[in-house]
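Here is the structure we will look at, set down as structure tokens.
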Amino acid sequence: MKHSIALVTGATSGLGHAAARLLAGEGWREIIVTGRSLAGAQQAAAQLAAETKRQVFTPLELDLNDPANVQSAVAALVKRGQPIDFLLLNAGLVPFKQRVLTAAGVEASQAPLIGHHQLTVGLLNANLLSPDARIVIAGAEPARGGVPMFKYTDLPEFAAKYHHGNRTAAVEALIRNGPNVKYVPNNTYADAKLIIAWWTAALARRLPSGMAVYAVSPGGATATKVVRSASPLLKYLFIPIVNLIPGMNQTPETAARRYLQASEFETDVSGQFFASAKGKFSGPLEVQRQPHLHDRANQEAAWQAVVRVSGVDLS
Ligand SMILES: NC(=O)c1ccc[n+]([C@@H]2O[C@H](COP(=O)([O-])OP(=O)(O)OC[C@H]3O[C@@H](n4cnc5c(N)ncnc54)[C@H](OP(=O)(O)O)[C@@H]3O)[C@@H](O)[C@H]2O)c1
């Protein structure tokens, strides 16, 4: 992959900001940095330029909750007409204490995937990804299971119970947090990141042969703003306790470096979910082999549900 043009979503804070800084350090010619508002993206670009002493940051407005706004961002990129080599779909959040739905009726922590899908498909349909482009999307350890206080939904069981076995309808219900979905913020986060892992696998099957996509957990990096809206239990009990255990937390730079590491992976591992080893939130990236992640029916259901909710598909 050429180190030419990268696009980083959610670069106004945390890991997206750190990743953009690292990319500049690695000599990328241009790094498009997105923020929910143009002013936010401009501020991030100016701050990054000051931090790195490099004038390589281009601000772009991108509100992943708003399909019209994502469409405008795609149109702006089409107008530039320069293919992107590295698409880093980093934006995301731990859900709010109370359920929040976007105007499009999508649960807030699920919404970034819908916007990221619209962006990715928009770029693919416009032929605006380089032939050997790499796409990395932010996952998280709860999608693999075994994280206390975070439990993902058993999709086949949920689909059988409420959707006559229709897994696409079941994923759509999780994305919209209803019907028949109880709002438990941590579990909603686990589901959001699991659906991302499935979507990644399904996208990999649809990409042209030279391109690749990976879901990557950056691991624990609690110095970011990721849990700003989370419950006090998570913020003031779970995280401080986890932080006391050596090797469970990292600096935002170390976490963001995982994205860059994955961007150098080959096409043979396209579609995989990379995260910390079992029981850890840091350390080397490992391919996750849990059977629920590799269930092809779940992966295809996730793709179809995201297509249905976003109204956007590959041409
Ligand atoms: N930090 C961790 O421990 C950890 C662990 C595993 C996975 N992750 C994942 O890593 C990613 C980055 O998190 P972070 O720790 O860097 O958190 P952060 O400091 O809160 O940064 C998140 C970024 O995403 C943006 N964003 C969120 N929702 C958006 C939306 N709907 N539209 C546009 N932009 C949106 C935020 O913009 P605003 O400021 O405008 O909201 C912000 O720029 C997330 O996907 C998170 O789930 C983090």
Side-chain angles (χ1 to χ4, degrees), residues 7-22 33-45 47-48 59-70 72-73 88-96 100-104 106-119 136-144 147 150 185-186 188-197 200 215-230 234-235 238-239 242-243 248-259 262 273-276 280-282 285:
L7 187 154
V8 181
T9 69
T12 53
S13 74
L15 306 181
H17 195 88
R21 195 168 47 228
L22 291 172
V33 289
T34 81
R36 267 184 231 254
S37 66
L38 183 59
Q42 284 169 333
Q43 198 187 345
Q47 199 182 330
L48 284 160
L60 178 71
E61 180 178 328
L62 179 71
D63 181 349
L64 295 162
N65 290 357
D66 178 357
N69 185 283
V70 180
S72 300
L88 176 49
L89 307 173
N90 155 78
L93 69 152
V94 172
F96 302 86
V100 173
L101 295 183
T102 67
V106 174
E107 188 282 324
S109 68
Q110 300 273 2
L113 174 61
I114 304 304
H116 281 145
H117 171 88
Q118 197 188 343
L119 173 68
V136 167
I137 185 162
E141 274 73 14
R144 66 165 192 216
V147 177
F150 291 80
N186 292 355
T188 300
Y189 186 67
D191 284 338
K193 294 302 190 185
L194 177 54
I195 294 169
I196 282 174
T200 300
V216 176
S217 172
T222 53
T224 72
K225 296 184 184 161
V226 74
V227 289
R228 66 187 110 162
S229 320
L234 187 67
K235 267 199 282 199
F238 180 73
I239 289 178
V242 165
N243 286 351
M248 297 302 260
N249 193 15
Q250 332 152 83
T251 64
E253 283 67 28
T254 304
R257 207 170 277 289
R258 286 180 166 205
Y259 294 143
F273 171 40
F274 293 86
S276 315
K280 302 257 183 228
F281 299 110
S282 68
L285 280 178

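Atoms considered below: every heavy atom in the structure, side chains included; atoms not considered: hydrogens, waters and symmetry mates. For ligands, and for the atoms within them, numbers begin at 1 and follow the listed sequence.
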Worksheet entry | Qualifying residues under salt bridge (Lys or Arg N to Asp or Glu O under 4.0 Å), relative to Glu141, sequence neighbours excluded | Arg258
Worksheet, complete the sentence: ligand 1 to Gly14, heavy atom cutoff 4.0 Å, flagged ligand atoms 16 (O), 19 (O)
Worksheet item: Within the side chain of Lys193, is there an N or O that forms a donor-acceptor pair under 3.5 Å with the backbone of Ala138?
Response: yes
Worksheet item: ligand 1 versus Glu141, non-hydrogen atoms closer than 4.0 Å: side chain, backbone, both, neither?
Response: neither
Fill in: Enumerated ligand 1 atoms positioned under 4.0 Å from heavy atoms of Gly220
3 (O)
Fill in: Asp66: partners by side chain to side chain donor-acceptor pair (under 3.5 Å), with sequence neighbours left out
none
Worksheet item: Looking at Leu93, which atoms of ligand 1 are within less than 4.0 Å of one of its heavy atoms?
Response: 28 (N)
Discussion item. Looking at ligand 1, would Ala255 count as a contact under a 4.0 Å heavy-atom criterion?
Written reply: no
Worksheet item: What's the shortest distance from atom 7 (C) of ligand 1 to any protein heavy atom, and which residue and atom give it?
Response: Gly139 O, 3.3 Å
Practice prompt. Nearest heavy atom to atom 24 (O) of ligand 1 wins, so pick from Ala91, Ala256, Ser282.
Written response: Ala91
Discussion item. Between ligand 1 and Thr224, is the shortest N or O to N or O distance under 3.5 Å?
Written reply: yes
Worksheet item: Taking non-hydrogen atoms only, is Val94 closer than 4.0 angstrom to ligand 1 via side chain, backbone, both or neither?
Response: neither
Discussion item. One residue to check: Lys225. Relative to ligand 1, which of side chain, backbone, both or neither has a non-hydrogen atom less than 4.0 Å away?
Written reply: both
Worksheet item: Near Asn65, which atoms of ligand 1 are under 4.0 Å from a heavy atom of that residue?
Response: 31 (N)
Worksheet entry | Atoms in ligand 1 flagged as close to Ala140, the criterion being non-hydrogen separation under 4.0 Å | 6 (C), 7 (C)
Discussion item. Is it the case that the side chain of Thr34 and the backbone of Gly10 share a donor-acceptor pair, with hydrogens and angles ignored and the cut-off at 3.5 Å?
Written reply: yes
Worksheet entry | Mode of Ala138 contact toward ligand 1 - side chain, backbone, both, neither (heavy atoms, under 4.0 Å) | side chain
Practice prompt. May I ask you to identify, for His17, whether its side chain, its backbone, both or neither come under 4.0 Å of ligand 1 on a heavy-atom basis?
Written response: neither
Worksheet item: N/O of Leu15 under 3.5 Å from N/O of ligand 1, yes or no?
Response: yes
Worksheet item: Counting from 1, what ligand 1 atoms have a heavy atom of Thr12 closer than 4.0 Å?
Response: 37 (O), 39 (O), 42 (C), 43 (O)
Fill in: Part of Pro252 within contact of ligand 1 (heavy atoms, under 4.0 Å)
neither
Fill in: Gly35 heavy atom under 4.0 Å from ligand 1
no
Discussion item. Does ligand 1 come near enough to Tyr189 that some N or O of the ligand is less than 3.5 Å from an N or O of the residue?
Written reply: yes
Worksheet item: If you measure from each heavy atom of Ala221 to ligand 1, is any distance below 4.0 Å?
Response: yes
